[in-house]
Each structure stands twice: as C-alpha cells, then as structure tokens.
Amino acid sequence: MPQGLQLFPQQASTIAKHVDWLYFFLIAVTIFFATLVCVLVTFFMIRYRRGAKVDRSNPVNHSTTLELLWTGIPLVLAMVIFAWGAVLFYAIQTPGQGAMEIYVVGKQWMWKLQHPAGKKEINELHVPLGKRVRLTMTSEDVIHSFYVPAFRIKKDVLPGRYTTLWFEATKLGTFHLFCAEYCGLGHSRMIGRVVVMTPGDYEKWLSGGGNEEPLEVSGERLFQRLACATCHREDSKGRGPSLAGVFGTSVRLKSGASVVADESYIRESILEPQAKLTAGFDPVMPTFTGQLGEEGIIQLIAYIKSLARKPDSSAPPTPPTSH
Amino acid sequence: MESASNGHGHEHGHEHGHGGDHIHPPPSNFLTKYVFSTDHKVIAVQFFCMGFTMFLVGGLFALLLRWQIAYPFQPLPFGLGEVIYASAPGHTMPPESYPTLVTMHGTVMVFFVIIPLLTGAFGNYLIPLKIGARDMAFPLLNMLSYWVAVPAGVLIIMAFLSEAGGPGAGWTSYPPLSALPQASPGSGAGQTLWLLSIFCVGWSSIMGGINYLTTIINLRAPGMSLTRMPLSVWALFITSVLQVLATPVLAAASILLLFDKLLGTSFFLPAGINVGGQAIAQAGGGNPLLFQHLFWFYSHPAVYILVLPAMGLVSDIIPTFTRKPIFGYKAMAYSMAAIAGLGFIVWGHHMFQAGMNPYVATSFMVATMVIATPSSVKVFNWLGSLYGGSIRFTTPMLCCLAFVSMFIIGGLSGVFLAATPVDIFFHDTYYVVAHIHYVVFGGSVFGIFAGLYYWFPKVTGRKMSEFWGKVHFWLSFVSFNGVFFPMHILGIGGMMRRIADPTIYQHLAPLQSWNVYITMFAVVLGFSQFIVIANIAVSLLRGERVGENPWEATTLEWTTASPPPYYNYLQIPTVHHPPYEFSVPGMESDYIVQSAPPRSA
C-alpha cells in the first residue's frame, strides 16, 4: 500500500473504478467551488476594506439574474451528481444472476463465514478471482458493518434480518475486512481479511481440510431432527404449508396481505411463526427461538432454497420462480 | 398554558404602542430577579452560562479523546492521568472510557452547547428586542424551559459518572447495543440516565420553540411586517418550527428505548438475538432500524437547528460591518425556509448503508442533493453582501467571514456523503467527522463567537477587548483548520470513527503522524478558549463603556439602552424601515435605524 497521502486505497473490485470516477468528479467540483468562495471572500475583504479607494457609488443589493444563475448552476450540477450516483448505486446494489453465495454472521467481536459447500471460516474469507460473490449477512447480537475498503463495499449487518452485498474481486491478494459500525468494547479489534485466489486455488482450498457437507445437507438433517417434516410435508397435506418451491415466491397471508418468501421471511417464520401466518393454516407452529442459532437458521434456509432450485420427482411440480 | 395566554392578552396593548402604561416594575427579590426569572434577557444569560460551561466540558472530553487517538493507552502528560484516571490501573484511559467519552462529547456539544447557546441564549435575548416586544409571549414557560434544561444537564453528568459505566453507544445510541447492558457496560444505568436527560432537554427545546413562534407571530411592534424582520429573527422562527415538529419524535424514540431497557418491552429487539451466547428472553418482534428512523427524523432537522440560527446571526452582523444592505434579503429568507423544509425529508441519508431498499435510498438522495441549492444561494448572497461594501474588520466580522468560508467547505464535503456510491466508502469514517465539524464548529461555533462579540456590548453595556478578541479568533481559526482538515485525509485513508486505537490497524500506520498533529492543534484550540473566557471576565469589569448603538447598526435592539431596561422599551417602537438600511444614497448618516421616522412622509 502506498505511504502517506493517498486519494483512495487500491481498487480491487469491478465497481471500485466506477466509484472512484464519481469521487474524482466530486473532488474537482468541490475544489472549484471551495476555491472560488474562499478566494472571493479574501479578494472582497482586501478590495472593499474600509478606507480603500474603490468605487462604491452603485452598491448592488439585489440582482435577479445573478440569483437565478447561482441557484440554477448548483441545482443542475446537483442533479448531474444525483443521476450519475443513482445509476451507479443501482448497479452496486443489484447482484445479478449466478453469483456464488456466502453467508456471514457477525457477533461481538468476530465474523463467521460459511461457504455453500459447507466450509466455515472465522475472520477470513477466501473467494475466487473474477467471480461474483453474494454475501447474505446477519448478526447474532448488535449492529455491525461489513467493510472492505479496497472493494468499495460496506453494508450494515443487523440482527433479525438479512442484508446482502456483492462484489467481484479483480486482484489476487489479501485485503482488509473491518467492522465499521461501533459494536462494543472490542469493536476496534473486529478485524478480518479477504483472500482472493485463482479459481483453481480456491477449489483446492475448498476441498482441503475436513470433509464438510454442503449447507443444504446440514439444513436437511436439522429439518428432520427438529421434526419440521411432520407438518411441512412435501405433498401439501400437512398441518403446515409445503415448502417445496416456496422460496422466492409470493405467499398469501391469513391477513390478506402477501409477502415474498425471502431469507428474512423464513427466519421470521421459524422464530415467530405467528407473525405472518400463511393463508389457510392454523397458528399451531411453536417458536424455535432459543433452539436455533443464526448458523442453524442459515442451514435451514439453504435447505428450503434447495427445495426451490431442484424440484425432484417426489415433490409436486413447482412454478418457475424468478429467483 | 391557560394562564400564559392570559398573559398575552394582558400584553396586547403594547402592540399598539401604548405600552408605557403597562410597564411592570422589575422584581426586587434576588431569587426572582436572577434565578427564577421570567425576564427573557436573564434567561438568555442563564442559557449562555450553562452552554458555555458545557462547551468547556465537551471540549475537555474531546481533548482526552484526541490524546488517546494520538498516543493510545499512554499516560496523559504532566501527571494529569493521576487526576483524571485516578482509579484506573496505570492511570491511563481504561478501555471502557473511550466509547463513553465519544458519546459524551457528541451529546454534550449538540444538546447542551450549540442548541442552548443558539436558541436558548441568542434566541431568547434577541427575539423580543429585535421585534420590539417587552418580553416573550409566555414568560413563565420561558423560565420553565430553562429550568427543565438544568436537570437535563445534571442528568447527563450523572450518566457520565454512573458507577456501572457511562453511556457508550455513541451520541446516536443505536439499539440493540444501547438497549442491552450485556452488550456494552455503559448500556445499563448510564444509558438510562442519558435517555432521561435527552428527554428533558428535548422538552426544554419544544417549550422554547412554542414560545418563540408565538412571540414572533403575535408580539411584533407596529410596522414590523414579516419582510422587515431581521434575518436572525427569520432564522430563529424557522428553527423553532423545526424544534416543535421534530423534537417530539426524539422524545418518542427515547421513551420507547427506555421501555425496552426498564420494562422488558421489545420495540427495537428482534427475535433470536443473543449476546455472548446468552439468549435475550425479552427480544422478539422489534426492529432496530425503527430507532434509526425515529432518531434521524429528529437528528437531521437538528443539524439545521444547529446551523440556521448561526446563519441568521451572521446575516445580521455582516451588513453592519460592510455598511451595505444584505444581498438578496428575500432569497436569504426563502432559502432558509427551503433548507428547513427539505431538512425533514433527508433523514434517510444517514442510513444508506443500513440495508435500505435502493429505490428508497434514491428518494433521500435526490432531496439531499437539492438541499445543496439553497445552501449555495446563501453563500453566494453573503459574497454579494461583501461586494462594494466598506468592510470593518472587527472581531465579530472576522468570525462571520470564517463562518462563510468554513460553511462552504462543510457543505461541499456533504455532497460526497450524499452521493450514495461514494458514501459507501466514507460512511462511518473520519471523513464524516471532518464534515460535521466544518458545519457545526466552522459554522455554528464561529457564528456563536460572532454573536458573542457583537451583542456583548448590548447585554453588558461594555465592549469586549478587540485585541484579545482577534487573538482568540486567529488562534481558533488556524487551529480549527489544523484539527479538522486533516480528518478528511484520515477518512479518505479509511480510518473509521469510534476506534479506540488506530495503531492496531496496519493500513493506518502511515497516517498516524496526522493523528499526532491533529492532537497538537486540538490542544491549541482547546486552550484558546480560555482567552475568550478571560476576555469576558475582564471586559465585564473594565471593558470600554458604550452607548445604545456602538456598532452604528440598524435593528431595533440598538435603539434602547445598553444593557436594556427590564421592560426593553419605554415606548414600543414603530417600525418604518427594512432591517438593513446602510449607505442609502443622499442621506447624511450612513445608516437608518428601523424605527427612524419615514423618509418621504
């Protein structure tokens, strides 16, 4: 990393250079206006100091043209910055198709990461170069914030809901991972790193170490162990709704409203089943609060997602989802 | 409120200029004269003393923070550690003190320094005098608003000294961190006292706002039409609208959080959270983001409560020292109203990184971008006010010039934070710290200094020393920039807020020398403030005595004695002129006070 004064840390993701172009444009606009105002203040101070022999015979106290001009120019500039920023912001917020999915759980004071194939890490995230990675994040306790300066990404990690973030690394190497939201006494030490590897090395790294099972397999086991399958049967005759193909679809609720069955909805339905009850079912499901940690919930979500992805012959045909 | 409105009916006669008959004698009892006074001038001075004392307290917190950042966990110089951290091992900062100091610095400076000084002190003193009234519409309510602020101040100090640990969740106090003592040692009794204090100080603010609005609407002297009001009165009027409409939301947020802490409710705690492996039994159904929405719905308008009155003071002072009317009076008033109006719909820009739907974020982004327009109109109009003037470089004028130049820097750095893609990087870094201090110190505090030097002769009948005023100004101005400009560089380098020890971050190692320089300038900035205190003290006793109008200014307060009598005006003045009639061609004097006889009549 270069020493001393630097305009930004290194760029190591696909979005970084786009963010930096907007940033450099803002620097140019800012320097122009700050200089303009400070130079004019100084110039007028000197020129119109008391006792200086200058023409004061026709003092201007109002000028509609000037006022329109200095209302209009900043407004147009602000709108240019807005349009540029908004377009870029959508691009940064939309992960697109086919991203590799990694789950992140923050807690006082560490990051726990789970790869889809089941590999778990703490405070370290290994990712392949040139592949889109989508992070689905939640917190066990207080609010944290996942911040990788070189990738120009940052997103709060909240308890009770999932936030997402994506990036595509463009450089091999190790990059800082910080918590940016004050989260208690150990906040400054909640430091991790992101290791970007070639896809080949990544595969090798994944297969190294213990033989972990994929998340959805752990989830399926948990599903059986907690006896979820007794009610959530595959044939839609159970006391609870069938979960096959439900992920990503719109669910009609008893209240008449409808909700998209995303990660946050599934999490809520496990912990607070009566909060958003599916239409046509009785409020018979007990809460699983206290029996499941965030990682267990993530495994269950991965399993339910897998039911949507690959409908097998025993499950009823599922409608194609847009997910 | 019933008796207060009767009081208004009683004062009604003054509006028609027959006030002479209704003058009450001043209270002769020491308690009712100086302590439990209903006189707006005394209450203003009380607010000033409280605010300035708290300014020193908040400044001391800042210096302790700066020492820690420059020299993490090293003993304070000159054996100060043995006094300040007497009970801590090694007499160095205990780790839990850092977040408490961060929290206390922000809370004290916002709620107990800038707001009480600008609205409580300057608002109280200037509104009745500038509109030609004898007092506020509700004098008793006015007294109450001060005497609610005092217990709030006591509570915040109690919170700081709380045995379980002072509040340490930041001045924003986001739950669940602030709600659960398990998550942070300061989130027990300390945080509870903090919430009670904020509730009380908010109450004081609402009472003040109601009073200022009523007074400005009802008690203006004959001829004081809205478009003849000095811009400071416009600014305080608009600020009062913000105080009355936004503060109740903060009160609601603090009550809900108190319930979560004390009554076992779960407004802000979602199901399934556990701290350190311990499940939180009461949690369920709540949403931590709700607190952020409520907090910022108040606290973004609060930023304008912090800066609009200062804009008003500066707009009053600049014409006096350029001997020229303010440029574009109407645009100045409209732009303040626009800033305040837009200020209500931009709170979400504090939450861009909190997982907000990008479409919602965009609506907050566009409103935030638009707010740059009225702000730049104001800056250009101040520039226009300098053009063609005859500038007198008094201390208040220097403070005003600093205000204009520092406010533009603070405003422009805000554009980076409004542009969401760039904000992703800057959010929660020192760049934000630099930005807010350019607005609130470079803007509001220099506005307060300008107001102090400018109205001190009116309040006391004596001028402050110009020489020491200029020494104080230049030391403050240079060291202010020395402290806060490098913070932009730290933010760009990726230094996060609220980290107790930057040296454990390898990427910040090349930047650590900046932290040392900043701390040196902070010490200069802190100690420079003793100059202004000494200047106030000495000037009170030995300052040059002045008459009614030492600055040859035009607004009404300069037509009565210095200090003004209890009843302000023997005869309620009648207003014939706009507020800034300077250097009118063809006139002998270069200024016309607002109550001077009409020219052509």
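Each chain gets a letter, A, B and so on, in the order its sequence line appears, and its residues count up from 1.
- Looking only at heavy-atom pairs under 4.5 Å with chain B, the residue among A/T30, A/L66, A/L158 that has the most is A/T30.
- With a 4.5 Å cut-off on non-hydrogen atoms, A/M79 touches chain B through its side chain but not through its backbone.
- The part of A/R161 that comes within reach of chain B is its side chain, from C-beta onward, which places non-hydrogen atoms under 4.5 angstrom from that chain.
- Of the atoms belonging to A/L185, it is side-chain heavy atoms, and not backbone ones, that fall under 4.5 Å from chain B.
- For a residue to count as touching a neighbouring chain, one of its non-hydrogen atoms must lie under 4.5 Å from one of that chain's; by this rule A/S63 touches chain B with backbone and side chain alike.
- Ring centroids of B/F327 and A/W70 are separated by less than 6.0 Å, placing the two rings close together.
- Side-chain rings of A/Y23 and B/F426 approach one another, their centers coming within less than 6.0 Å.
- Chosen from A/A86, A/A180, A/G160, the residue pairing most often with chain B at heavy-atom distances under 4.5 Å is A/A180.
- When heavy atoms are compared at a cutoff of 4.5 Å, A/T71 approaches chain B by way of both its backbone and its side chain.
- Neither the backbone nor the side chain of B/R323 comes within less than 4.5 Å of any heavy atom in chain A.
- At distances below 3.5 Å, at least one donor-acceptor pair connects side-chain atoms of A/K154 with backbone N or O atoms of B/H427.
- Only the side chain of A/I92 comes within less than 4.5 Å of a heavy atom in chain B; its backbone stays farther off.
- Looking at A/Y147, its side chain does come within 3.5 Å of a backbone N or O of B/F425 through a donor-acceptor pair.
- Heavy-atom distances place both the backbone and the side chain of A/L40 under 4.5 Å from chain B.
- For A/I15, no part sits under 4.5 Å from any heavy atom of chain B, backbone or side chain.
- Contact of A/E181 with chain B is made through backbone and side chain together, with heavy-atom distances under 4.5 Å.
- Rounding to the nearest 0.5 Å gives a distance of 10.5 Å between CD1 of B/I408 and OG1 of A/T35.
- Formation of a donor-acceptor pair under 3.5 Å by the A/S188 side chain with backbone atoms of B/A500 is found in this model.
- Side-chain N or O atoms of A/Y48 include none that pairs as donor or acceptor with a backbone N or O of B/T322 at under 3.5 Å.
- Residue B/F393 touches chain A through its side chain alone, counting heavy-atom pairs closer than 4.5 Å.
- Of the residues B/I273, B/V275, B/N274, the one that meets the side chain to side chain contact (heavy atoms under 4.5 Å, CB included) test with A/D141 is B/V275.
- No other option in B/G285, B/A279, B/G170 has as many heavy-atom pairs under 4.5 Å with chain A as B/G285.
- For the set A/A275, A/C183, A/S145, the entry with the most heavy-atom pairs within less than 4.5 Å of chain B is A/C183.
- Interface remark: A/V54 contributes no atoms to any contact with chain B (heavy atom separation under 4.5 Å).
- Using a 4.5 Å cut-off between heavy atoms, A/E140 contacts chain B through both its backbone and its side chain.
- In this structure, OG in B/S413 is found 12.0 Å from CD1 in A/I27, a value given to the nearest 0.5 Å.
- Checked options A/I153, A/T163, A/D156; the residue passing with B/Q353 is A/D156 (criterion: side chain to side chain contact (heavy atoms under 4.5 Å, CB included)).
- Between the CE atom in B/M356 and the NZ atom in A/K155 there is a gap of 11.0 Å [rounded to 0.5 Å].
- Taking the six-membered ring for Trp and the full ring otherwise, the centers of B/Y505 and A/F178 sit less than 6.0 Å from each other.
- Contact annotation for B/I326: only backbone heavy atoms (N, CA, C, O) come within less than 4.5 Å of a heavy atom of chain A.
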If you apply the rule ring pair (Phe, Tyr, Trp, His ring centres under 6.0 Å), what do you find for B/Y174 with A/Y182, and how did you get there? CA-CA 9 Å; B/Y174 286 174; A/Y182 181 73; over 10 Å; no
